[in-house]
J.: 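Input: one structure, supplied below.
Just so you know, these numbers come straight off a predicted model, no measurement behind them. The chains referred to below are lettered A, B, ... by the order of the sequence lines, with proteins before strands, and numbering in each begins at 1.
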There are 2 protein chains.
Amino acid sequence: MALEDTSEASNCSAMSDVLNRIGDKWSVMVVGMLGRNGTLRFNELKRMINGISQRMLTLTLRNLERDGLVTRTIYPEVPPRVEYRLTRLGETLREPIAGLWDWSAANHQAIVEARSIYDARETGHHHPTTGSPEHVQRQ
Amino acid sequence: MALEDTSEASNCSAMSDVLNRIGDKWSVMVVGMLGRNGTLRFNELKRMINGISQRMLTLTLRNLERDGLVTRTIYPEVPPRVEYRLTRLGETLREPIAGLWDWSAANHQAIVEARSIYDARETGHHHPTTGSPEHVQRQ
DNA sequence: CAGTATCCTATGCGATACTG
DNA sequence: CAGTATCGCATAGGATACTG
């Protein structure tokens, strides 16, 4: 459904909305980890996702739960056990996310190189007062 | 390359870095528009991307240019004409982004519904003092 | 037309401390 | 273990005004 309807502003708002959630600093990581591991507990996730704070993991998981992408199951034991896992909707996110993930792995180095080239050029920064189109390094 | 190496923290940093760029508020929109239209001028982009400010369009385009995803070509005319278009690297981003875009279009409504269900449940919020695992609405 | 420069605010997010 | 509560700063990003 809607695979060819990439028309105009119709799905721009949808895209914005989705990106606001999964495009934040941690959501993709959390979905990725849950996708690979099936079920994980709070501190397991915390250990796997390097650098995330307790606060942000909580907020991220709550948001994902609210959006119907993750389930949170509490087992009334002592000490408490809480397990997180992707919903069916969350599972469908794995593929597009994996696409981005693979692209990142494959092209991150190219981006790093592009950056240093750009930065080197900018710190030379002589203003050409004449000439034909600038920065014409097409492709 | 690296389609099965979704190992561990190896590409987590790459993913983070990439997400920090294309996961911001506007980059995906810009790449999407350039992907569909080939070449666009500054104000064409501005008109197509609803709500973006002049400042943010400039910053977004500069960052994409710096990362080697977009070229900027200045034609020394009066009034000035500046054209933006995806690089070859930028073109390769179209597919993973389209995947996310399609997913958003297909599942945005489900997310909106999940949210209202979640919110409705939270504003009732009676604390069960006993019982088996909570929120067990698996799937 | 295609920007830059400046100001200002909301919020994202980390650090830290406390709790059932 | 799995959180919540509070503080505080850095930054993202909008509004507005000016320019080659």
J.: For DNA chain C, which ranges pair as stems of 3 or more consecutive Watson-Crick or G-U pairs, with both donor-acceptor distances under 3.5 Å?
T.: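 Correct response: C:1-20 with D:1-20.
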J.: Could you give the distance from CD (A:Gln54) to CG (A:Asn43), rounded to the nearest 0.5 Å?
T.: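 With rounding to 0.5 Å, CD (A:Gln54) is 7.0 Å from CG (A:Asn43).
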J.: Compute whether any side-chain donor of one residue and acceptor of the other, for B:Arg85 and B:Thr39, lie under 3.5 angstrom apart.
T.: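 Indeed, the side chains of B:Arg85 and B:Thr39 share at least one donor-acceptor pair under 3.5 Å.
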J.: Quick one: do B:Asp119 and B:Ser116 satisfy side chain to side chain donor-acceptor pair (under 3.5 Å)? Show the steps, please.
T.: CA-CA 5 Å; B:Asp119 292 347; B:Ser116 63; over 6 Å; no
J.: Want to settle it: does A:Pro79 or A:Thr58 sit nearer the 5' end of DNA chain D, counting the closest nucleotide to each?
T.: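 Nearest nucleotide further toward 5': that of A:Pro79.
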J.: Between atom CZ in B:Arg21 and atom P in D:dG13, what is the gap in whole Å?
T.: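 So the CZ-P distance, B:Arg21 to D:dG13, works out to 11 Å.
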J.: Determine the contact category for B:Arg55: base if any of its heavy atoms lies under 4.0 Å from a base atom, sugar-phosphate if only primed atoms, P, OP1 or OP2 are that close, otherwise nothing.
T.: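 The answer is base, as B:Arg55 lies within the cut-off (heavy atoms under 4.0 Å) of a base atom.
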J.: My understanding is that only residues two or more places apart in sequence, or in another chain, count here; which of them pass side chain to side chain contact (heavy atoms under 4.5 Å, CB included) with B:Glu91?
T.: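 Residues passing side chain to side chain contact (heavy atoms under 4.5 Å, CB included) with B:Glu91: B:Leu86, B:Arg94.
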J.: Which heavy atom of B:Ser27 sits nearest to which heavy atom of B:Arg21, and what is that distance?
T.: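 Minimum heavy-atom separation between B:Ser27 and B:Arg21: OG-O, 3.2 Å.
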J.: Send over the distance from B:Gln54 CD to D:dA15 P, rounded to a whole Å.
T.: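 In whole Å, D:dA15 P lies 12 Å from B:Gln54 CD.
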J.: Under 4.0 Å, counting only non-hydrogen atoms across every strand here, what does B:Lys46 touch: a base, just sugar-phosphate, or nothing?
T.: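 Nothing: the residue B:Lys46, judged by heavy atoms under 4.0 Å, touches no strand.
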J.: On DNA chain C, reading 5' to 3', which nucleotide is the first and which the last to sit with an atom under 4.0 Å from a heavy atom of chain A, could you check?
T.: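 Nucleotide range in contact with chain A: C:dC13 to C:dG20.
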J.: Whole-Å distance between D:dG13 C1' and A:Asn20 CG?
T.: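 Rounded to the whole Å, the gap is 13 Å.
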J.: Would you say the side chains of A:Asn63 and A:Thr60 form a donor-acceptor pair under 3.5 Å?
T.: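 A:Thr60 and A:Asn63 do not have a side-chain donor-acceptor pair below 3.5 Å.
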J.: I'd like to know if B:Asp17 pairs up with A:Arg115 as an ion pair, taking the criterion as any Lys NZ or Arg NE/NH1/NH2 lying under 4.0 Å from an Asp or Glu carboxylate oxygen.
T.: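 Salt bridge: yes.
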J.: Tell me which of B:Pro80 and A:Gly51 sits closer to the 5' end of DNA chain C, going by the nucleotide each one is nearest to.
T.: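 Its nucleotide being nearer the 5' end, the pick is B:Pro80.
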J.: Any ion pair linking B:Lys46 and B:Glu44 (charged N to carboxylate O, less than 4.0 Å)?
T.: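 Not counted as a salt bridge, because no side-chain N and carboxylate O are separated by less than 4.0 Å.
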